[in-house]
There are 2 protein chains.
Amino acid sequence: MENQNISDIIESYLKQILAESQQVEIRRAEIADQFNVVPSQINYVIKTRFTIQDGYVVQSKRGGGGYIRIEKVKLLDNLDFIDSLVTAVGDHITRHDGLAVVRSLFEAGAVNRREVNIILAAIDKDAINTGDRDLDQQIRARVLISILNHLRYES
Amino acid sequence: MENQNISDIIESYLKQILAESQQVEIRRAEIADQFNVVPSQINYVIKTRFTIQDGYVVQSKRGGGGYIRIEKVKLLDNLDFIDSLVTAVGDHITRHDGLAVVRSLFEAGAVNRREVNIILAAIDKDAINTGDRDLDQQIRARVLISILNHLRYES
DNA sequence: ATAATATTAGTCAACATTAGTCAAGAAAAC
DNA sequence: GTTTTCTTGACTAATGTTGACTAATATTAT
């Protein structure tokens with residue numbers, strides 16, 4: 001406990017608040033100042049310790065009155081399944097393989113038919129079509145993973 | 001929560017009125033004075049928070065007896081409505097405007113909350129991120145339009 | 001009627017105020 | 001000793017605020 005680094009301490013501080021309330025809203029500069037670190041360290045802490053896998057969703061706004069808001073979300077019980085699909089998608093995916101992933105989701109009951117169609121529209125070849133096949137596959141992978149991550153929790 | 005910027009406060013004030021009546025008519029200088037800001041800030045608030053994508057139409061008149069009128073538009077039946085959104089999206093769209101489009105879809109009853117989240121995940125900045133901002137906006141537009149077009153068939 | 005003046009709102013660019021990214025170096029873990 | 005994680009700061013991006021200038025419309029004077 002005595003050899004905690006400052007990132008761990010900031011993490012604890014935020015999680016202590018989150019233990020009692022559903023969300024915490026901070027001003028980055030204020031927290032950085034409070035713990036005597038540079039502002040970007042707050043981003044580091046959030047990026048490494050408040051991920052969707054950990055059950056947190058983060059929103060922020062810049063400019064006057066800006067903030068970072070961390071919300072604790074209720075994770076569903078399909079996590080391992082989603083994890084496996086995220087792994088399967090990887091950083092590139094073809095339309096064909098993307099279709100298979102969406103089909104898996106449907107067969108597992110994670111999405112309904114309407115939702116399937118929305119997802120397919122999103123990764124359609126006419127939607128994602130930069131002229132660079134490799135880039136298209138990367139974008140398709142990220143879009144799919146982004147959607148998968150949102151299926152991890154209820155909102 | 002406590003450090004809201006003044007633009008948000010003015011937005012809330014106007015939307016509170018709009019929650020109870022179809023439209024609100026203001027004198028710019030009066031509102032500016034009431035909230036202690038320069039008049040042009042009212043234009044900023046309107047331009048950023050009461051767009052057609054958000055479902056508002058703004059009319060104004062200068063000179064003596066001038067006014068700014070914000071009207072919450074009646075959502076048309078689905079097909080026309082989706083047409084108008086497709087037009088609004090155009091061939092490129094920012095995340096901010098994309099969010100407004102999706103919000104409109106939701107408010108029109110064209111999609112439910114779960115579907116909103118899937119669509120937002122699909123056009124998220126982490127999902128569509130090639131490093132080329134302009135390209136990102138083009139892809140986001142195509143993804144959104146692809147989804148909008150699929151919603152036509154189903155509804 | 002027309003011109004001058006007053007009274008509104010609109011535009012735009014400068015500046016202010018926030019958060020985000022990235023890569024280099026330091027520290028810790030292995 | 002190498003690899004991973006943490007820390008830092010320079011640079012970037014998004015959003016909000018302000019004020020000088022412009023434009024439109026109404027009112028008043030001639």
Side-chain angles (χ1 to χ4, degrees), chain A residues 1-14 24-51 54 57-71 142, chain B residues 1-14 24-51 54 57-71 93-100 124-137 140:
Chain A
M1 279 304 192
E2 51 236 55
N3 265 335
Q4 266 184 323
N5 60 50
I6 190 68
S7 289
D8 287 340
I9 294 171
I10 296 170
E11 174 192 3
S12 301
Y13 170 77
L14 294 173
V24 56
E25 188 172 303
I26 62 171
R27 294 159 133 273
R28 185 180 77 153
E30 209 168 74
I31 298 296
D33 201 53
Q34 185 175 330
F35 289 96
N36 222 42
V37 297
V38 294
S40 62
Q41 179 135 14
I42 308 304
N43 296 87
Y44 175 75
V45 170
I46 286 172
K47 199 171 150 197
T48 55
R49 292 152 162 88
F50 293 87
T51 69
D54 297 316
V57 169
V58 179
Q59 296 170 299
S60 65
K61 200 167 95 165
R62 308 185 193 185
Y67 58 81
I68 300 177
R69 182 160 49 220
I70 306 173
E71 186 188 357
R142 281 203 292 259
Chain B
M1 288 296 204
E2 56 245 47
N3 264 329
Q4 254 188 329
N5 62 56
I6 190 69
S7 290
D8 285 341
I9 293 171
I10 296 170
E11 174 192 4
S12 300
Y13 170 77
L14 295 173
V24 55
E25 189 173 303
I26 63 172
R27 296 160 119 263
R28 186 179 77 152
E30 207 168 76
I31 298 296
D33 200 53
Q34 182 176 332
F35 289 97
N36 221 42
V37 298
V38 295
S40 62
Q41 179 137 12
I42 307 306
N43 297 86
Y44 175 74
V45 170
I46 287 171
K47 198 172 153 197
T48 55
R49 293 152 162 88
F50 294 88
T51 68
D54 294 313
V57 167
V58 179
Q59 295 167 302
S60 64
K61 203 170 87 167
R62 310 186 193 186
Y67 58 83
I68 299 177
R69 181 160 51 218
I70 305 172
E71 188 185 354
I93 191 168
T94 63
R95 271 190 307 125
H96 180 271
D97 288 347
L99 178 62
D124 190 81
K125 76 175 188 329
D126 293 326
I128 298 175
N129 177 15
T130 64
D132 175 344
R133 186 166 324 192
D134 208 58
L135 178 58
D136 289 352
Q137 295 192 6
R140 182 176 297 110

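Below, chain A is the first sequence line, B the second, and so on; all start at residue 1.
Residues of residues 25-33 of chain B having a heavy atom closer than 4.0 Å to DNA chain D: none are found.
Expressed to the nearest 0.5 Å, how far CD1 of A:I42 lies from CD of A:E30 amounts to 11.0 Å. Rounding to the nearest 0.5 Å gives a distance of 4.5 Å between CD1 of A:I26 and CD1 of A:I68.
Using a 4.5 Å heavy-atom cutoff, the side chains of A:R49 and A:D8 are in contact.
Take A:Y13 and apply the ring-ring contact (aromatic ring centres under 6.0 Å, His included) test, not counting sequence neighbours, and it matches A:F35. Every residue two or more places apart in sequence or in another chain that forms a side chain to side chain contact (heavy atoms under 4.5 Å, CB included) with B:D97 is listed here: B:Q53, B:I93, B:T94.
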Using a cut-off of under 3.5 Å, enumerate the N/O to N/O pairs linking the protein to nucleotides 15-18 of chain D.
unit_1, atom_1, unit_2, atom_2, d
D:dG16, OP1, A:K61, NZ, 2.8
D:dG16, OP1, B:N5, ND2, 3.4
D:dG16, OP1, B:R49, NH2, 2.8
D:dG16, OP2, B:Y44, OH, 2.7
D:dG16, OP2, B:R49, NH1, 3.4
D:dG16, O5', B:Y44, OH, 3.4
D:dT17, OP1, B:I6, N, 3.2
D:dT17, OP2, B:S7, N, 3.2
D:dT17, OP2, B:S7, OG, 2.5
D:dT17, OP2, B:Q41, NE2, 2.2
D:dT17, O5', B:Q41, NE2, 3.4

Find every protein N or O atom lying less than 3.5 Å from an N or O atom of nucleotides 24-27 of chain C, and list the pairs.
none

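Taking atom CD of residue A:Q4 and atom P of nucleotide D:dC6, one finds them 12 Å apart after rounding to whole Å. The interatomic distance linking A:K47 (NZ) with C:dG20 (P) rounds to 11 Å, in whole Å. Distance CZ (B:R133) to P (D:dT12): 11 Å, rounded to an integer number of Å. Regarding B:D136, its CG atom lies at a distance of 13 Å from the P atom of C:dT21, rounded to whole Å. One interatomic measurement links the two molecules: CD1 of A:I70 to C1' of C:dA19, which rounds to 13 Å at whole-angstrom precision. Distance, B:D126 CG to C:dC22 P: 11 Å, rounded to whole Å. Spacing between atom CD1 of A:I68 and atom C1' of C:dT17 amounts to 14 Å, rounded to whole angstrom units. For the pair B:N129 CG and C:dT21 C1', the interatomic distance rounds to 11 Å; values are reported in whole Å.
Counting all heavy atoms, side chain and backbone alike, B:S7 lies closest to B:Q41 at OG-NE2, 2.9 Å. For the pair B:K125 and B:R140, the tightest heavy-atom approach, listed with the atom from each and the gap, is CA-NH2, 4.3 Å. Taking both residues in full, the closest heavy atoms of A:Q4 and A:S12 are given as NE2-OG, 3.8 Å, listed atom of the first, atom of the second, then distance.
In this structure, A:Q59 and B:G66 both approach DNA chain C, and ranking their closest nucleotides by distance from the 5' end singles out B:G66. Taking for each of B:Y67 and B:K125 the nucleotide of DNA chain C with the nearest heavy atom, the 5'-most of the two is the partner of B:Y67.
Side-chain polar atoms of B:D54 and B:T51 form a donor-acceptor pair below 3.5 angstrom.
A donor-acceptor pair under 3.5 Å is formed between the side chain of B:N5 and the backbone N or O of A:G64.
The list of salt bridge (Lys or Arg N to Asp or Glu O under 4.0 Å) pairs with a residue in residues 59-69 of chain B, not counting sequence neighbours, reads B:E25-B:R69.
B:R69 has no side-chain polar atom (N or O) that falls below the 4.0 Å cut-off from OP1 or OP2 of C:dA9.
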